[in-house]
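Input: a single structure, listed below in structure tokens.
Just so it is clear, the model here is predicted, and its values are computed rather than measured.
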2 protein chains.
Amino acid sequence: MRLTTKGRYAVTAMLDLALHSEQGPVSLADISARQGISLSYLEQLFARLRHFKLVKSVRGPGGGYRLEGDTANISVAQVVDAVSESLDATRCEGKGNCHEGEVCLTHHLWEDLSAQIHRFLSEITLADLVARNDIQAVRQRQDIRLANSHHDETHIAISEIL
Amino acid sequence: MRLTTKGRYAVTAMLDLALHSEQGPVSLADISARQGISLSYLEQLFARLRHFKLVKSVRGPGGGYRLEGDTANISVAQVVDAVSESLDATRCEGKGNCHEGEVCLTHHLWEDLSAQIHRFLSEITLADLVARNDIQAVRQRQDIRLANSHHDETHIAISEIL
DNA sequence: TTAATTCCGAGTATTTTACTCAAGTATTCT
DNA sequence: AGAATACTTGAGTAAAATACTCGGAATTAA
């Protein structure tokens, strides 16, 4: 469980997707416009999200991405895990080449911590985030703004509101 | 709250320090030998740990580092915070230049999560870690090994045991 | 067919990580 | 006082991760 801005971008994008999933598939271009994340970067992130079965793609015009399954079944932990490597950084790498059969200790300890953080983030779902009224308030502002301005260059990104 | 290998190195080093603090100051060279972390990198980490008043340096022969205060008062969160930048990655950066006075939303959300993880790691102290008997077992092996071998090149790092 | 979209691969700039090297400073032991 | 020990500082560097660009191919609705 690595915790960097990359995971944060992914959570933001997934939240945006959750907020707009009612009106059919959401294009990455729209997410890019609303959240201020580059399109190509989103493509990379969504390739992994798709691979982990968190989203489903619809190709062609009017296409985009849909959440795979219900928002209540997608946790923040899943999203973060999908886009970020798990951190090992040990000489042994779980292969058991720790000295003389003695199993790793610092390793276990850290994985312990890591597992607990993971458990914690597993209990927060996209549905929980969507239910927050501060999020709902922003959603509306963003929608209006995107509708008004396909020529306008000012946006309110969710990240500017979180 | 960023969670990478850097923080892990710091926690490992601090744990090593805690395990050997009874016999006077611990030199970075010893920690380097036991934990397999390069001396220069430890120097950088400890410069920050010192700056955050988590350790105290003792110069001169027989010198090294001591923990500043009791192990029960040093949390994992403090150690991680000391060595890693806090992740912002927002266009607004808390400066309130979020659009039209509307406060950041995704920002708040993430900081919320971040704060909760922080709280979680704040409740785990070095004393808690030292108390684990798997750690104690390793400690002894490492001590023997370091004593026997200032010419020997095989070590059991805590990280090989965690 | 055309346009919108996902998909895919290569490439790149920036930052972070992890480390090396070298010179300097403080302290203690003799 | 002088030498040894060890911290301190700073510059520099290689590798990895991050964040992004670009070009083009595949798909499909209209």
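- OP1 or OP2 of C:dT20 lies within a sub-4.0 Å distance of a side-chain N or O belonging to B:Ser38.
- A distance of 4.0 Å separates CD1 of B:Ile31 from CZ of B:Phe46, quoted to the nearest 0.5 Å.
- Remark: P of D:dT9 and CZ of B:Arg48 are 14 Å apart, rounded to the nearest angstrom.
- In this model, no side-chain donor or acceptor of A:Arg59 finds a partner on the base of D:dT27 within 3.5 Å.
- Under 4.0 angstrom from either OP1 or OP2 of D:dC20 there lies no side-chain N or O belonging to A:Tyr41.
- Atom P of nucleotide C:dA22 and atom CG of B:Leu39 are separated by 14 Å, given to the nearest angstrom.
- Atoms CD1 (A:Ile31) and P (D:dC20) sit 15 Å apart, rounded to a whole Å.
- With a 4.5 Å cut-off on side-chain heavy atoms, B:Ser32 and B:Leu28 do not count as touching.
- Look at A:Arg50 and you'll find a side-chain N or O under 4.0 angstrom from OP1 or OP2 of C:dC8.
- Residues B:Gly24 and B:Arg66 come closest through the heavy atom pair CA-NH2, 4.2 Å.
- Using a 4.0 Å heavy-atom criterion, one finds that B:Phe46 contacts no nucleic acid atom at all.
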Nucleotides 12-15 of chain D: which of its N/O atoms have a protein N/O under 3.5 Å away?
none

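- Taking the side chain of A:Lys6 as heavy atoms from C-beta on, and the options D:dA19, C:dA18, C:dC7, the nearest nucleotide is D:dA19.
- The listed nucleotides are C:dT17, D:dA19, D:dA29; the one nearest the side chain of A:Thr5 is D:dA19.
- Judged by distance alone, with hydrogens and angles left aside, A:Glu43 brings a side-chain donor or acceptor within reach of the base of C:dC8, the pair sitting under 3.5 Å.
- Taking CG of A:Asp128 as the start and OG1 of A:Thr71 as the end, the distance is 8.5 Å to the nearest 0.5 Å.
- Separation of atoms CD (B:Gln116) and CG (B:Leu121) is listed at 12.5 Å; rounding is to 0.5 Å.
- In this structure, A:Thr125 OG1 and A:Ile74 CD1 are separated by 9.0 Å, a value rounded to the nearest 0.5 Å.
- Here D:dC7 is the nucleotide among C:dA18, D:dC7, D:dT8 with the atom lying nearest to any side-chain atom of B:Ser27.
- At a threshold of 4.5 Å between non-hydrogen side-chain atoms, the residues A:Gln35 and A:Leu42 do not count as touching.
- Side-chain atoms of A:Met14 and A:Val55, non-hydrogen and from C-beta on, do get closer than 4.5 Å to each other.
- Atom pair A:Ile37:CD1 and D:dT21:P shows a separation of 12 Å (rounding to whole Å applied).
- In this structure, the CZ atom of A:Arg8 is 11 Å from the P atom of D:dA19, given to the nearest Å.
- Side-chain N/O atoms of A:Ser57 include one lying less than 4.0 angstrom from OP1 or OP2 on C:dC7.
- For the pair A:Val26 and B:Val58, nearest-nucleotide mapping onto DNA chain C gives the more 5' position to A:Val26.
- Within the nucleic acid shown, A:Leu28 comes within 4.0 Å of sugar-phosphate atoms alone, with no base atom in reach, counting heavy atoms only.
- For B:Tyr65 and C:dT27, the OH to C1' distance is 14 Å, given to the nearest whole Å.
- Side-chain nitrogen and oxygen atoms of B:Thr4 include none within less than 4.0 Å of the OP1 or OP2 phosphate oxygen of D:dA17.
- Taking atom CG of residue B:Leu42 and atom C1' of nucleotide D:dC7, one finds them 13 Å apart after rounding to whole Å.
- Atom CG of A:Leu45 and atom P of D:dA19 are 9 Å apart (whole Å).
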